[in-house]
Protein chains: 2
Amino acid sequence: MPIDAVSRIRRFNRAVTAEVGALDTSFLGRGRPLGAARVLNAIGHGRGEVGALRDYLGLDSGLMSRLLRGLEEEGLVVTLPHPGDARRRVAALTEAGRREFAAYEALSNAQASSLVERFPRAEELLRAMDLVATALGRERIAVEECDPRSEAAVHCLTEYYAELGRRLATGFDVALSRDPEAADMMRPRGAFLVALSDGRPIGCVGLKGKGGERAEIKRLWVCPSARGLGLARRLMKAAEDAARNLAITTLRLDSNSALTEALQLYRRTGWVEIDRFNDDPYPDFFFEKRL
Amino acid sequence: MPIDAVSRIRRFNRAVTAEVGALDTSFLGRGRPLGAARVLNAIGHGRGEVGALRDYLGLDSGLMSRLLRGLEEEGLVVTLPHPGDARRRVAALTEAGRREFAAYEALSNAQASSLVERFPRAEELLRAMDLVATALGRERIAVEECDPRSEAAVHCLTEYYAELGRRLATGFDVALSRDPEAADMMRPRGAFLVALSDGRPIGCVGLKGKGGERAEIKRLWVCPSARGLGLARRLMKAAEDAARNLAITTLRLDSNSALTEALQLYRRTGWVEIDRFNDDPYPDFFFEKRL
DNA sequence: CGGATTGTCTGACTTAGGTCAGCGACATGC
DNA sequence: GCATGTCGCTGACCTAAGTCAGACAATCCG
């Protein structure tokens with residue numbers, strides 16, 4: 001490791017520590033200790049169960065309990081017994097709690113906005129931040145099954161189509177491609193998987209089934225800032241696992257010779273080239289894999 | 001501000017908070033509270049005077065004193081009276097303190113290395129981190145008045161002349177240009193301003209006066225890595241403020257048509273083109289601004 | 001010289017954050 | 001139905017961090 005790289009990273013650390021510190025102190029601006037503010041925000045972001053809260057925030061159960069009690073006394077939170085297990089408790093925001101949460105969200109958003117607004121090369125900066133966040137959050141990328149019509153999935157698909165348009169010599173027209181029914185990419189026929197880094201969708205893949213033993217892999221996409229991290233491979237593996245889980249034995253996919261990284265990945269992970277199996281105008285490579 | 005940009009920044013914040021947290025706890029790995037570790041590191045980085053330490057770390061004088069006492073008891077630090085002013089004290093590392101400081105440095109470096117090593121696209125990541133650090137550190141760029149013969153000023157001027165040499169079709173020969181006397185760019189006749197990022201000079205501008213109501217702007221330069229951040233504009237504004245402060249009412253400057261960004265800046269900030277007012281061989285554009 | 005100011009230190013106090021043992025209510029497996 | 005484990009809560013306790021008033025010595029300025 002060249003010493004120069006170390007000094008660059010340490011400069012980054014210093015810059016970022018100052019910025020994060022500023023965010024923390026802005027949270028303190030609402031007259032509540034940071035711990036309580038973090039709990040309030042976690043609940044606002046949908047983490048209701050006390051156990052889940054503890055894990056997420058890395059707090060001791062006693063401390064967690066006290067913080068919740070404090071928020072309850074402020075009238076921001078109520079805790080109710082868990083419907084299925086009366087030992088557990090679930091915290092929820094009251095009306096006042098929702099207002100307070102919204103105020104914190106507004107603070108966060110304003111801080112984020114001001115950062116970009118006061119920097120002239122905003123898009124460049126955002127791309128750099130994406131890359132750094134992905135690199136730092138690499139161990140925390142989650143692959144999850146979701147509805148292909150969900151917001152996260154639609155985001156990925158939009159990016160995917162846009163990229164095809166740029167990369168295929170012929171351009172790409174969504175209307176001309178066989179757009180699978182959402183139901184074909186959901187249980188029980190198939191599945192749709194997104195990769196989430198801290199909740200932000202950064203990749204996807206679809207498993208399109210018809211109910212039989214054969215299914216197709218569709219819409220494999222990884223966002224540019226997350227490439228080179230083995231995420232495509234991980235998504236493909238997750239899709240294969242989902243296929244096995246659905247008792248599917250043969251997978252197929254079509255692709256285009258312009259997508260060289262994808263073709264390389266398929267060849268390296270046990271896919272074999274086969275004859276054309278559809279008359280879609282865009283693909284010119286066809287693969288199969290037996291599970 | 002599109003909501004998407006906000007979510008990207010907030011994702012970055014979360015990723016970086018986790019990483020910074022990991023850095024903090026690694027500092028705790030040496031059995032010393034974070035505050036004491038920070039003081040030790042600041043001293044190791046050459047900040048000896050107690051007052052300077054307090055400012056840098058943002059600590060109360062009582063707390064600072066106690067932390068120093070603790071480090072003294074551990075045998076890592078000695079504090080001596082300041083040679084010129086016996087009220088002040090200067091802290092220095094003992095041999096054991098230097099060893100401990102080296103251990104902290106090694107931890108920081110290892111953490112930085114591991115980040116890059118576990119990410120396949122290292123150079124790209126480093127560039128992204130540089131950009132983010134520059135963007136975040138923008139507010140911490142200080143514009144200060146200094147002697148035009150000081151080290152920082154000379155560094156900037158050397159870079160400035162080198163760049164003129166590259167950009168002017170005719171080349172540039174320092175000897176042929178009217179090199180103003182240092183005294184013309186110092187109080188009470190004028191001023192010389194440098195921009196410092198983390199103590200490193202990254203830009204400059206000179207205000208050259210003769211004692212009357214008219215002065216000239218000279219030597220506006222911004223280092224390439226800091227361009228696009230509005231630093232030139234900020235330097236010019238600081239120079240104008242200094243001029244007003246010196247009761248100067250009319251500013252002039254000469255420039256060259258090869259320096260397009262500079263010409264654009266002048267036109268946008270209230271400068272008007274005037275006739276040639278000197279016979280210097282390099283400039284071919286002349287501007288004036290009334291304050 | 002004498003009063004004001006500066007720089008540091010000390011003691012008393014507060015708050016935030018965190019740990020730990022044990023309790024009571026509930027759940028689970030045999 | 002009982003032993004065992006799980007979940008959250010409580011009280012007692014601890015450390016780190018920070019605040020504040022005042023003490024004390026050195027310095028500065030008129």
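The chains referred to below are lettered A, B, ... by the order of the sequence lines, with proteins before strands, and numbering in each begins at 1. Model, not experiment: these values are computed from the prediction.
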With a cut-off of less than 4.0 Å, is there a side-chain N or O of Arg89(A) near OP1 or OP2 of dC7(D)? no
Within the pair Arg54(B) and dT8(C), is there a side-chain N or O less than 4.0 Å away from OP1 or OP2? yes
5' priority, DNA chain C, between Gly62(B) and Leu67(A) [closest heavy atom]: Gly62(B)
Between Gly58(A) and Gly84(A), who's closer to the 5' end of DNA chain C by nearest nucleotide?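 The residue whose closest nucleotide sits nearer the 5' end is Gly58(A).
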[X]-[Y] side chain donor-acceptor pair, cut-off 3.5 Å:
{"X": "Arg98(B)", "Y": "Thr94(B)", "value": "no"}
{"X": "Asn13(B)", "Y": "Arg8(B)", "value": "no"}
{"X": "Tyr104(A)", "Y": "Arg32(A)", "value": "yes"}
{"X": "Asn41(A)", "Y": "Arg47(A)", "value": "no"}

Could you tell me how far apart [X] ([atom1]) and [N] ([atom2]) are, to the nearest whole angstrom?
{"X": "Leu63(B)", "N": "dA12(C)", "atom1": "CG", "atom2": "C1'", "answer": "15 Å"}
{"X": "Glu72(B)", "N": "dC9(C)", "atom1": "CD", "atom2": "C1'", "answer": "12 Å"}
{"X": "Leu80(A)", "N": "dC7(D)", "atom1": "CG", "atom2": "P", "answer": "19 Å"}
{"X": "Met64(A)", "N": "dC7(D)", "atom1": "CE", "atom2": "C1'", "answer": "14 Å"}
{"X": "Leu53(B)", "N": "dC9(C)", "atom1": "CG", "atom2": "P", "answer": "11 Å"}
{"X": "Leu68(A)", "N": "dT10(D)", "atom1": "CG", "atom2": "C1'", "answer": "14 Å"}
{"X": "Asp55(B)", "N": "dT6(C)", "atom1": "CG", "atom2": "C1'", "answer": "14 Å"}
{"X": "Asp60(B)", "N": "dA21(D)", "atom1": "CG", "atom2": "P", "answer": "11 Å"}

Note: Asp130(A)-Arg127(A) ion pair, threshold 4.0 Å (strictly below): no
For Arg189(B), is there an ion pair with Asp184(B) - N to carboxylate O distance below 4.0 angstrom? yes
Carefully, step by step, assess Arg69(B) and Glu73(B) under the rule salt bridge (Lys or Arg N to Asp or Glu O under 4.0 Å). CA-CA 6 Å; Arg69(B) 231 42 357 100; Glu73(B) 271 166 39; over 6 Å; no
Can you figure out which of dC7(D), dA17(D), dG17(C) approaches the side chain of Leu34(B) most closely? dA17(D)
Could you work out which one of dT19(C), dT27(D), dT19(D) sits closest to the side chain of Asp85(B)? dT27(D)
Give a yes or no on whether a donor-acceptor pair under 3.5 Å exists between the nucleobase atoms of [N], that is its base, and the side chain of [X].
{"X": "Arg66(B)", "N": "dG11(C)", "answer": "yes"}
{"X": "Ser61(A)", "N": "dC7(D)", "answer": "no"}
{"X": "Arg87(A)", "N": "dT6(D)", "answer": "yes"}

For Ala86(B) and for Arg69(A), locate the closest nucleotide of DNA chain D by heavy-atom distance; then report the residue assigned to the nucleotide nearer the 5' terminus. Arg69(A)
Are Leu207(B) and Met185(B) close enough that some pair of their side-chain heavy atoms sits under 4.5 Å apart? no
Checking all strands, does Gly51(A) fall into the base, sugar-phosphate, or nothing category for heavy-atom contacts under 4.0 angstrom? sugar-phosphate
DNA chain C in dot-bracket, Watson-Crick or G-U pairs under 3.5 Å, [ ] crossing, | other strand? ||||||||||||||||||||||||||||||
